[in-house]
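Numbers for residues simply follow the sequence, beginning at 1. Counting starts at 1 for both ligands and their atoms, in listed order. In this text the structure is predicted, and so the values were computed from the model without any measurement.
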Amino acid sequence: MHKNKSHSELDKLKTNLEFSLKQSMKNIDSYTHVRGESLYVDDVNVREGTFYAVVFDSPKAHGKIKSIDYSEAEALEGVERIFTYKDIPGDNQIGGIIPDEPLFAEDEVHFWGMPIALVVAKSELIARQARRLIKIDIEELPVITTAKEAKEKDSFINAPRSFNLGNTEKAFHDCEYIYEGETFSNGQEQLYIEAQGSYAEPLENGNIKITSSTQGPTAVQKTTAKVLGLPMHKIEVDVTRLGGGFGGKEDQATPWAVMAALATYHLKQSVKLILNRHDDLRMTGKRHPYESNYKIGLSKDLKILAYEVEFLQNSGASADLSPAIAERTLFHATNSYFVQNVKSTVYSCKTNLPPNTAFRGFGGPQGMFVIESAIAKAASELGVAARQIQEANLLQENDVFSYGQIAKQVEAQNSWDAAKAIFNIEELEQKVEDFNKNNAAFKKGLALMPITFGISFTNTPMNHARALVHIYLDGSVGISTAAVEMGQGVNTKMLQIAAKIFAVNTSKVKIETTNTTRVANTSPSAASSTADLNGKALLKACNSLLDRLKIVASEVLNVSKDSIELKDEFVYCNSEKTTMSWTELISTAMLKRIALTENAHYATPEIHFDKTKEKGHPFAYHVFGTSITIVTVDCTRGTYEFDAVKVVHDYGKSMSEGIDLGQAEGGLVQGMGWMTMEEIAYDTNGRLLSNALSTYKVPDVFSVAKNIEILPLETLGNDMAILKSKAVGEPPLMYGIGAYFAIQNAIKAFNPNYKHKFHAPMTPEKVLISLYNK
Ligand code: LUZ
Ligand code: MOS
């Protein structure tokens, strides 16, 4: 914002923004974001006497707790109390899918950073000082940090799962070429800008209100109730917005909220618990690292006839969302390709790392990386371009996925062809080849990456949402849904829906906080499905109200209901503007004692999945697209820069082009970061080495491609998507996988003896070693 712009000018800008209910509507949060007025958990007005808490966590990755001495910490001036598992009135259990995770460690610790106690004091500073005075004696036990080691020791979260199609064993007999190999993809830190945190306050009658930075308000409510031994109705959870989630707050926002509530329960006072960056990095789980092995068989004309893959997921010390993430890995194991014979298995391996958790893509990217590696390996062995193999196997209409769903409205070939044509792939490839011929110290590489991503929670029962709409008697509108705004722009989309149905200016619509007393029993904002599920519920609620209002207008005007239409805040009759405004319509409805509140429920139709057969139709639809990535590697230093990433993406009929483009760009860059520079490192004792932003590097403006071009694919959209505007949160992340293979190709151009390696991220160190590896 320009400093010299007056408030009134800014307000005018805001009004203009509100009036532009166009496809390109701005994110409604942009106004308060740039003014620093957007509210996060840390901005909640704390009440007089509020306490501050920090978490005391395990300084070892695995062991028996011999003794803990809290006496010095407790004696520190300003320390109110230290809570442990002994203070829990209900269950010391926060596991969502599998009950295998205590809120506080009891006799054993299972990862470095595992919460043991909560130190509550008059200030955060005092609480931190007190934490340092706690003495703990741990008898160390063997530490497992890798999935492979866990598998060797039979250390699993649950039983493995397999999706199978056809008969791979038989199909391998018919293959002209067969390749096998191993891959590794590392974890990834969500790195939301707003760290984990919550604020709990006591209400009357032992009720507790929690303000939480969570993607899943109901998960927080349910788990808090369980740990405190209270019915859910005594716990209210409120969320204004998150400073980023990326999956990291789907499940792992919960413990901090429960801890704050536990302290509030005992102290009858407000308690604020906000992790600082170091605590957050050390205590929370990340994207799952995967160690995998594959076997791929091709025919002479490069058709993939058989594909076998075994995924070892590094789940960490407890289940968290690992089983669901493992499942999505299987769903996306063949990415955008049709493979007739598939055998895929995933093992959730129990290790002594923090429980790994949801991260944009939710196991899908890990699955896709392996088949892209298998294709790259085959291509390099056969001396063909990977894109020939990719192209020969693209998913077509009515192809079947390994999980039994028949592919419909498939845009894999369409987006691939569009990307090739629009960006002129032959010319791009020629330029790379010419450059490589004429340069010894720098080499370019190019890679295509098609994506196919299934939309819906893979767990069918989670695919539902509700919306609550009030029209107030002055014609202004208040909307509550289960959608959590985390920067993805879902509130803007909700507002667009209501404004569109009621034909009112967007300034007439307010999106309320996400609150469990207004919308209950919700699924988290996740799985790219938030706008679809909540938007459809909202659409239903608004349409019911609209229907009611049309009856009111038709009675007053003495015409048929079907002749009534709302437009520009006026009632229209047979396309003619009447004198009755929206506001008059609402006051008339009030006089007629018509309900101006509506609650609607939406559950995705058609989807189902049978886990006993591992077959079904789990996804409402799929999102498609293709990226082309071009990189230049500095062959003296091993560093690289991305020249361009060019994408054709299937938005369906985007209802919000600016927001969707933002999601696509952000996802892409986050995927590139995962594949190239973001390197999670634990030592063999299970201690996080990349424990600060100085040792964990995410893409910045300098490491993003110089030229990112994301063009919409012209498609019909999908009726299961909100207003035919397809889900956009996660799919674009997987375009970033192309970055890995572009670098591989550049290395190969420099070092012809190079054998492709599939060990992500491809950091400059690894590039340098690869360039000179004979
Ligand atoms: N969360 C979840 C997700 O619980 N189920 C899913 O299928 C999913 N997919 C993507 C991201 N989060
Ligand atoms: Mo997510 S990975 O949609 O919370």
Side-chain angles (χ1 to χ4, degrees), residues 95-98 161 163 187-192 196 212-220 222 239 242 244-254 284-288 313 319-332 346 348 355-368 403 405 451-465 482-490 514 522-534 604 607-609 611 616-623 663 666-667 670-671 674 726-734:
I97 298 178
I98 299 172
R161 298 234 347 235
F163 286 10
Q188 184 178 23
E189 167 57 42
Q190 289 87 358
L191 213 76
Y192 26 69
Q196 303 276 8
S212 168
S213 181
T214 180
Q215 292 172 236
T218 293
V220 168
K222 181 180 149 200
V239 183
L242 318 188
F246 309 111
K249 295 170 182 170
E250 180 174 338
D251 218 39
Q252 297 205 3
T254 299
T284 67
K286 306 162 198 323
R287 184 189 293 288
H288 294 72
Q313 176 197 61
D320 191 271
L321 293 164
S322 296
I325 291 162
E327 183 178 54
R328 196 175 270 280
T329 301
L330 297 181
F331 281 118
H332 294 91
V346 61
S348 292
N356 284 314
T357 190
F359 193 136
R360 207 172 190 174
F362 206 73
Q366 290 96 318
M368 293 185 193
Y403 47 93
Q405 183 159 347
I451 62 143
T452 296
F453 196 79
I455 302 303
S456 287
F457 287 94
T458 57
N459 184 24
T460 303
M462 290 173 78
N463 293 283
H464 61 85
V484 169
E485 175 61 52
M486 49 187 135
Q488 86 278 46
V490 70
T514 314
T522 67
S523 291
S525 286
S528 305
S529 301
T530 313
D532 279 0
L533 297 174
N534 294 279
T604 312
I607 53 172
H608 56 89
F609 195 73
K611 280 195 186 178
H617 185 108
F619 297 120
Y621 58 91
H622 288 82
V623 170
Q663 284 296 92
Q670 205 163 30
W674 173 52
K726 285 180 143 186
V728 72
E730 296 171 285
L733 182 133
M734 284 146 274

Task: Side-chain donor or acceptor of T530 paired with backbone N/O of A483 under 3.5 Å - done: no
Task: Pair S528-E730, side-chain donor/acceptor within less than 3.5 Å - done: yes
Task: Residue pairs, two or more places apart or on separate chains, that pass salt bridge (Lys or Arg N to Asp or Glu O under 4.0 Å) and touch residues 356-367 - done: none
TODO: Using the ring of Y192 (Phe, Tyr or Trp, six-membered ring only), decide whether K249 places NZ or CZ under 6.0 Å from its centre and within 45 degrees of its axis.
DONE: yes
Open item on the list: Is it true that S525 and Q215 share a donor-acceptor pair across their side chains at a distance under 3.5 Å?
Closed with: no
Solution key, residues 453-461 side-chain donor-acceptor pairs under 3.5 Å, sequence neighbours excluded:
from: S456; atom 1: OG; to: A620; atom 2: N; distance (Å): 3.0
from: T458; atom 1: OG1; to: E327; atom 2: OE1; distance (Å): 2.8

TODO: Output the set of protein residues with a heavy-atom contact under 4.0 Å to ligand 1, ordered first by chain identifier and then by residue number.
DONE: E250, R328, F362, F457, T458, M462, A526, A527, E730
Open item on the list: For ligand 2, give me the residues whose heavy-atom distance to it is below 4.0 Å, by chain and number please.
Closed with: Q215, G247, E250, A358, F359, R360, F362, A526, A527, E730
Open item on the list: Strictly distance-based, threshold 3.5 Å: is any side-chain N or O of Q663 a donor or acceptor partner for the main-chain N or O of P732?
Closed with: no
TODO: For residues H332 and T452, report the shortest heavy-atom separation together with the two atoms involved.
DONE: CD2-O, 3.4 Å
Task: Ring centers of F619, Y403 separated by less than 6.0 Å - done: yes
